[in-house]
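All ligand and atom numbering here is 1-based and tracks the order in the structure. All figures in this text were calculated on a predicted structure; none of them were measured in a lab.
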Amino acid sequence: MRDVVYVRAQNLTQALGALRERTNPMLLAGGTNVVDYIRTGALVADTLIDISHLPLRDVRVDQRGLTMGALARMSDVASHGSVKKAFPVVSQALELSASAQLRNMATIGGNLMQRTRCAYFREAGFACNKRRPGSGCAAREGSNRFHAILGGSEHCVATHASDLAVALMALDALVHLESAGGRRQVPLREFYRLPGQTPQIETVLQTGEMLVNVTCTKVPGATRSHYLKIRGRASFEFALVSVAAVIDAPQGIITSARIAFGGVGTVPWRDTDAEKALVGCAIADADVLRNAAKSALRGAESLRENGFKVELGRRALVRAVRTAGGDQ
Ligand SMILES: Cc1cc2nc3c(=O)[nH]c(=O)nc-3n(C[C@H](O)[C@H](O)[C@H](O)COP(=O)(O)OP(=O)(O)OC[C@H]3O[C@@H](n4cnc5c(N)ncnc54)[C@H](O)[C@@H]3O)c2cc1C
């Protein structure tokens, strides 16, 4: 048993002060990932800073686009009328995440910052460079059906777990970070780090910083965007493969495509090769789309059990694009 100090921050200044001053601090938002992983030994903290009641819950759609406070509940964003209308890909990605009970507790910031579901990370006792740097990666030779085919290294092949991050990646979202020293914003595409030799460092978040909100603008095709999630059972399950498709196709010809994959990468995977191949394609022509989809997931390196993700991903891409681009 390990003692953990609990600090309930009364405001953002207190939270940021505690983050800077406390030893080995960890933020506690909805707690659905933190509490689970502290129990399994995957996460270790000396201080838990409870930020759950700070006023960072705003969800807004206006002329500039979408703003979501870091502490907005997943369920509140998913069911928000204007989000459903202007950014369906966000609402769908959230609806298809976890379970209703979890979505009622879990927050947008916590979802984007959640740790991987790799079984070797979760369970102490296995070699895992993310949990214990230098201990090795049991997944490479172990059970790796759920693992990454893109962005892996010899040190880590764990997939990123968030569905929301995939949708936001396709929308070119920005994350807004704050520390006691000030604010900055980072494109989500630059926020997550590939594992390389340091898989334990997953984002560019600096010590003392926290995520305060997320924004995205109204990119072409956002109002008809679509999230397709393929998983082993219909609910309460992470993606084997998912696709966020934001397609603009006036007169049935694709003029712009924003595509991101989940379940395949060590980070949410924006696929610019697929995007380029899709531009100019007729939405109604399945053969043309299937051909363009061959450009997707370029550079994939499968492990023993997950080679199926390449074909599954390309087929899912065609379905998602046709749904997003149809009848415009
Ligand atoms: C059975 C199960 C199934 C699930 N299925 C899915 C799924 O299909 N898709 C999916 O996307 N997710 C899924 N999840 C994960 C779930 O969505 C996350 O647990 C949840 O989103 C985390 O949010 P939270 O607010 O509870 O975060 P917490 O548990 O409070 O925090 C998670 C992490 O984020 C950090 N953090 C929290 N807020 C901030 C902030 N503002 N700034 C910086 N760091 C912060 C914490 O320190 C911690 O490291 C599932 C979880 C479970 C248990």
(message) Rounded to the nearest 0.5 Å, what separates atom NE2 in H53 from atom CD in Q10?
(response) 5.0 Å
(request) Examine L205 against ligand 1 and note whether any of their N/O atoms are separated by less than 3.5 Å. (result) no
(request) Return yes or no for this condition: an N or O of V34 is under 3.5 Å from an N or O of ligand 1. (result) yes
(request) Output the list of atoms in ligand 1 that are nearer than 4.0 Å to some heavy atom of M26, sorted by atom number. (result) 47 (O)
(request) Would you check the N or O atoms of G31, main chain and side chain alike, for any that come under 3.5 Å of an N or O of ligand 1? (result) yes
(message) Quick check on contacts: which atoms of ligand 1 are under 4.0 angstrom from a heavy atom of S162?
(response) 11 (O)
(request) Among all protein heavy atoms, pick out the one at the shortest distance from atom 35 (C) of ligand 1; state its residue, atom name and that distance to 0.1 Å. (result) M113 CB, 3.7 Å
(message) Using a 4.0 Å cutoff against the non-hydrogen atoms of G30, which atoms of ligand 1 qualify?
(response) 24 (P), 25 (O), 26 (O), 30 (O)
(request) Check R117 against ligand 1 and report side chain, backbone, both or neither, counting heavy atoms closer than 4.0 Å. (result) side chain
(request) Would you check whether A29 has a nitrogen or oxygen atom less than 3.5 angstrom from a nitrogen or oxygen atom of ligand 1? (result) yes
(request) For ligand 1, find out whether one of its N or O atoms is nearer than 3.5 Å to an N or O atom of Q114. (result) yes
(request) For L211, counting its heavy atoms only, list the atoms of ligand 1 lying under 4.0 Å from any of them. (result) 40 (C), 41 (N), 42 (N), 43 (C)
(request) Can you sort out the partners of H160 under ring-ring contact (aromatic ring centres under 6.0 Å, His included), two or more places apart, ordered by chain and number? (result) Y192
(message) Would R145 and F308 count as a cation-pi pair here, with the cationic atom under 6.0 angstrom from the ring centre and within 45° of the axis?
(response) yes
(request) Please determine if R115 has a nitrogen or oxygen closer than 3.5 Å to a nitrogen or oxygen of ligand 1. (result) no
(message) So if I count the atoms of ligand 1 from 1 in the order they appear, which ones are less than 4.0 Å from some heavy atom of M210?
(response) 42 (N)
(request) Please work out whether any backbone atom (N, CA, C, O) or any side-chain heavy atom from C-beta onward of V35 is under 4.0 Å from ligand 1, and answer side chain, backbone, both or neither. (result) neither
(request) Enumerate the atoms of ligand 1 whose separation from the nearest heavy atom of T32 is less than 4.0 angstrom. (result) 18 (C), 19 (O), 20 (C), 22 (C), 23 (O), 24 (P), 26 (O), 29 (O)
(message) Polar contacts were defined as any N/O atom of the residue lying under 3.5 Å from an N/O atom of the ligand; does this apply to M74 and ligand 1?
(response) no
(request) Please indicate whether any nitrogen or oxygen in E209 is less than 3.5 Å from any nitrogen or oxygen in ligand 1. (result) no
(request) Could you list the atoms of ligand 1 found under 4.0 angstrom from a heavy atom of A70? (result) 41 (N)
Compile the donor-acceptor pairs under 3.5 Å between side chains in residues 105-114 and protein atoms, sequence neighbours left out, one pair per line.
residue	atom	partner	partner atom	Å
T107	OG1	G110	N	3.0
N111	OD1	S162	OG	2.6
Q114	NE2	N111	O	3.2

(message) Is it the case that over 12 heavy atoms from other parts of the model lie below 6.0 angstrom from the CZ atom of R2?
(response) yes
